[in-house]
Structure formats: C-alpha cells, structure tokens
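The basis for the numbers below is simple: all heavy atoms, side chains too, and nothing from hydrogens, waters or symmetry mates.
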Amino acid sequence: MLSIEKQILFLLTKKPCMHAKELVQIYTKRGYKEQSIRNVLSRMKKEKYIHAEERSLYSIMDKGEQFLSFVNRKPRQYDVDWNRKWYFVHFEVPEPERQRRDQFRLQLLQLGFGQLYKGVYVSPWDYRKQLLSLIQATSMDEYVTISEASILFRDITPERAADIWPLADIHRLYQEKWQWYQDEFVPALNKEIRGRMDPLELFVLYLHVGEVISEISLRDPMLPVSLLPSDWMGHRVIAELYRSFQSFATLIPSSSNYYQFLV
C-alpha cells in the first residue's frame, strides 16, 4: 500500500464519509493530479479498503481499519523491550495463486517481517493478531503456518539482520527525510506561522509530514536496538516527525473544517 492510500484511510477514520471532490481538493493542493487521486480511490475500493456509500462518497471498511491499525502500531516498537523471541511465518502457495501470494508477501514486509529463507519470514515482534487478520483477509488459511521460537543455531546478529532487512536502504531513507525536514518542512512551517497561517496551507503541511511518517512506517521494520547499526537514526527522526505532526493541533484553528482531522 502506498503512503497516500494509508493517509486517505487515516482521514476516513476522522470523518466517516468524504466525497471524492473533497479529497481531490486536498491532494491537488499537495501536488497530485486529480486523475491519479481518483485512480487511487478506485483501487482502494476494488481492494475493499474503502466503500462507496453512494457515487463518489467514500467510507473506510474493516479491512482498511485493520491495516491502518497494525501499521500505526509499528513505530511504538522502538520503545518496547525485546524478549529475544522470534515469530515465523511459513507459507507455500501454488503458482496459480501467485497474485494472492504476492499480495500477502507485500503486506508481511510492510508489517515488518524479513525474508529468512524462501517461504519463511521472521520478525522479533509478536504480530499474531495482525497476522491472523491478514491471513483471513487474503484467504491464505490453508497455506500459512505461524510459529514462535528461540533460535538455537545461527542466531540473527546485527550483521545478518542487515541482510534480512534492507537496513542500508532504510537508513538512507531516514537521512533523506531528515534533510527534507530541516531544509524544506521547517522553513515552510515557520513561514506559515509568521504569515497569515492559512488553514488549508497548514493542513497541506500536516498531510505532508504525515505522508513521510507513513512512508517510513511502511518500510522500517522497527527492529530492537540490539539488532541495529550503532549510527541508526530512525528513533530520533521518527520521534521528531511525530512531534511536529502533533503540533498542528495547536496551529490550525478549531473553527477550520480541517481541525476535525487533527483530534
């Protein structure tokens, strides 16, 4: 799932029904083309993340809420003490079902699992509740086994973790987003604060930082500190992004139509 799709799900948890025109107005201000937004909505409807109550009036479905719930939980793992247990997902799917297999694998990766061997994925975090929902949503019941275990031989070291998860790529992503935050986001926010503080302009900045958080959340497995490189900056960057994200509740007037998305 793209970060913009996750963000639309977030907006629909704050406002039960939104018209396509409202979403188009918001996201064209963000620089997206109208047709691309309508294509995203159509795809999300087809995949049953959202539902059209009537023509072009959208609401979130259970599948969308479940996805949002388990992805939003990920950043909290940086504050959790690891018990050194591992959680494994084993699956083998017939080739004719490869589309369903690929969808399941993608969502496993977004949840934070890494590929240990072919058909075997591993995570240090207990996501069994989210996994069961995912298995049910993708109708993978007959193909998947979940297990919890300690590793007795060839444990996963920080060096091995860097191969199982694309930590070098994720670290570069954090560097890139931190540079954007310092060079573009903070100056743009300060300019709005010093100026007329247009609610829509502020809301667009709010959505932008939220989209960055979403992108990071979908890619970072949020591994325990003991498995991360010593120069890992993920903890600091995501904490600062969340701090800025939450600060908009004091910047956007409560009388604005956009305030409802902040509370």
Side-chain angles (χ1 to χ4, degrees), residues 1 3 6 63 65-95 97-98 100-174 213-239 242:
M1 178 173 282
S3 57
K6 178 177 178 289
K63 183 180 177 182
E65 289 183 341
Q66 289 169 2
F67 176 82
L68 198 62
S69 174
F70 73 61
V71 173
N72 283 344
R73 175 185 167 186
K74 282 177 65 182
R76 303 176 197 166
Q77 298 306 123
Y78 273 139
D79 300 320
V80 175
D81 291 329
W82 183 37
N83 63 6
R84 304 200 67 81
K85 287 287 184 69
W86 292 99
Y87 298 86
F88 297 90
V89 177
H90 318 252
F91 64 95
E92 185 174 1
V93 183
E95 189 60 23
E97 299 285 352
R98 62 181 177 275
R100 192 150 37 119
R101 176 198 63 202
D102 292 345
Q103 180 188 11
F104 181 73
R105 180 191 293 124
L106 175 61
Q107 295 198 38
L108 270 184
L109 295 174
Q110 291 181 339
L111 184 55
F113 280 80
Q115 184 174 1
L116 186 61
Y117 302 110
K118 183 179 179 180
V120 180
Y121 289 73
V122 63
S123 170
W125 305 121
D126 184 0
Y127 287 129
R128 73 184 78 185
K129 181 179 178 181
Q130 292 86 350
L131 283 169
L132 292 173
S133 295
L134 176 57
I135 290 167
Q136 183 180 24
T138 52
S139 301
M140 290 281 287
D141 310 59
E142 60 182 310
Y143 304 125
V144 179
T145 299
I146 302 171
S147 62
E148 172 190 346
S150 300
I151 297 178
L152 301 180
F153 176 73
R154 201 172 175 234
D155 200 358
I156 297 176
T157 61
E159 294 73 24
R160 197 175 179 204
D163 292 329
I164 296 171
W165 291 273
L167 296 186
D169 291 342
I170 295 167
H171 189 72
R172 281 191 290 272
L173 175 66
Y174 273 116
I213 292 170
S214 296
E215 181 182 355
I216 289 170
S217 296
L218 289 170
R219 292 186 58 185
D220 187 356
M222 313 288 175
L223 298 178
V225 175
S226 59
L227 294 175
L228 293 170
S230 58
D231 63 344
W232 191 255
M233 61 191 303
H235 317 67
R236 176 169 57 91
V237 173
I238 205 162
Y242 264 109

Tell me, do [X] and [Y] make a side-chain contact under 4.5 Å, heavy atoms counted?
X: L111; Y: S123; result: no
X: L131; Y: V144; result: no
X: D220; Y: W165; result: no
X: D155; Y: W86; result: yes

Is it the case that over 12 heavy atoms from other parts of the model lie below 6.0 angstrom from the [atom1] atom of [X]?
X: R236; atom1: CZ; result: yes
X: D81; atom1: CG; result: no
X: E97; atom1: CD; result: yes

Atom pair [atom1]/[atom2] of [X] and [Y] - distance to nearest 0.5 Å:
X: F91; Y: K118; atom1: CZ; atom2: NZ; result: 10.5 Å
X: Q130; Y: Q107; atom1: CD; atom2: CD; result: 12.0 Å
X: S139; Y: R100; atom1: OG; atom2: CZ; result: 5.5 Å
X: M233; Y: L173; atom1: CE; atom2: CG; result: 10.5 Å
X: Q136; Y: K63; atom1: CD; atom2: NZ; result: 11.5 Å
X: E65; Y: S133; atom1: CD; atom2: OG; result: 11.5 Å

**Message:** Is the ring pair Y78/H235 parallel, tilted or perpendicular, if the boundaries are 30 and 60 degrees?
**Reply:**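 Tilted: the ring planes of Y78 and H235 meet at 30° to 60°.
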**Prompt:** Angle class for the Y174/W232 ring planes (parallel below 30°, perpendicular above 60°, tilted otherwise)?
**Reply:** perpendicular
**Message:** Run the side chain to side chain contact (heavy atoms under 4.5 Å, CB included) test on V89 and F104 for me, step by step, so that the C-alpha distance in whole Å, both residues' side-chain angles and the decisive distance to 0.1 Å come before the verdict.
**Reply:** CA-CA 11 Å; V89 177; F104 181 73; 4.1 Å; yes
**Prompt:** Salt bridge check: are E95 and R101 linked by an N-O gap of less than 4.0 Å?
**Reply:** yes
**Message:** Can you tell whether the side chains of R160 and D163 come within less than 4.0 Å, N to carboxylate O?
**Reply:** no
Which heavy atom of [X] sits nearest a heavy atom of [Y], and at what distance?
X: T157; Y: L227; value: C-CD2, 4.2 Å
X: D231; Y: H171; value: O-CE1, 3.2 Å
X: W125; Y: M222; value: NE1-O, 2.7 Å
X: G112; Y: P221; value: O-CB, 3.5 Å
X: A161; Y: L223; value: CB-CD1, 4.3 Å
X: A149; Y: F88; value: CB-CE1, 4.1 Å

**Request:** Just do the side chain to side chain contact (heavy atoms under 4.5 Å, CB included) check on Y242 and I213 with the steps written out, would you?
**Result:** CA-CA 8 Å; Y242 264 109; I213 292 170; 3.7 Å; yes
**Message:** With a 3.5 Å distance limit and no angle check, can you tell me whether W82 reaches the backbone of P124 through a side-chain donor-acceptor pair?
**Reply:** yes
**Message:** Check whether R219 reaches the backbone of I170 with its side chain - one donor and one acceptor, N or O, closer than 3.5 Å.
**Reply:**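 No, because the side chain of R219 does not come within donor-acceptor range (under 3.5 Å) of the backbone of I170.
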**Request:** Show your reasoning for whether side chain to side chain contact (heavy atoms under 4.5 Å, CB included) applies to L134 and Y127.
**Result:** CA-CA 10 Å; L134 176 57; Y127 287 129; over 6 Å; no
**Message:** If the condition is salt bridge (charged side-chain N to carboxylate O under 4.0 Å, His left out), which residues does E148 pass it with, not counting sequence neighbours?
**Reply:** K85, R128
**Asked** Please walk me through it: do V122 and Y117 pass side chain to side chain contact (heavy atoms under 4.5 Å, CB included)?
**Response** CA-CA 9 Å; V122 63; Y117 302 110; over 6 Å; no
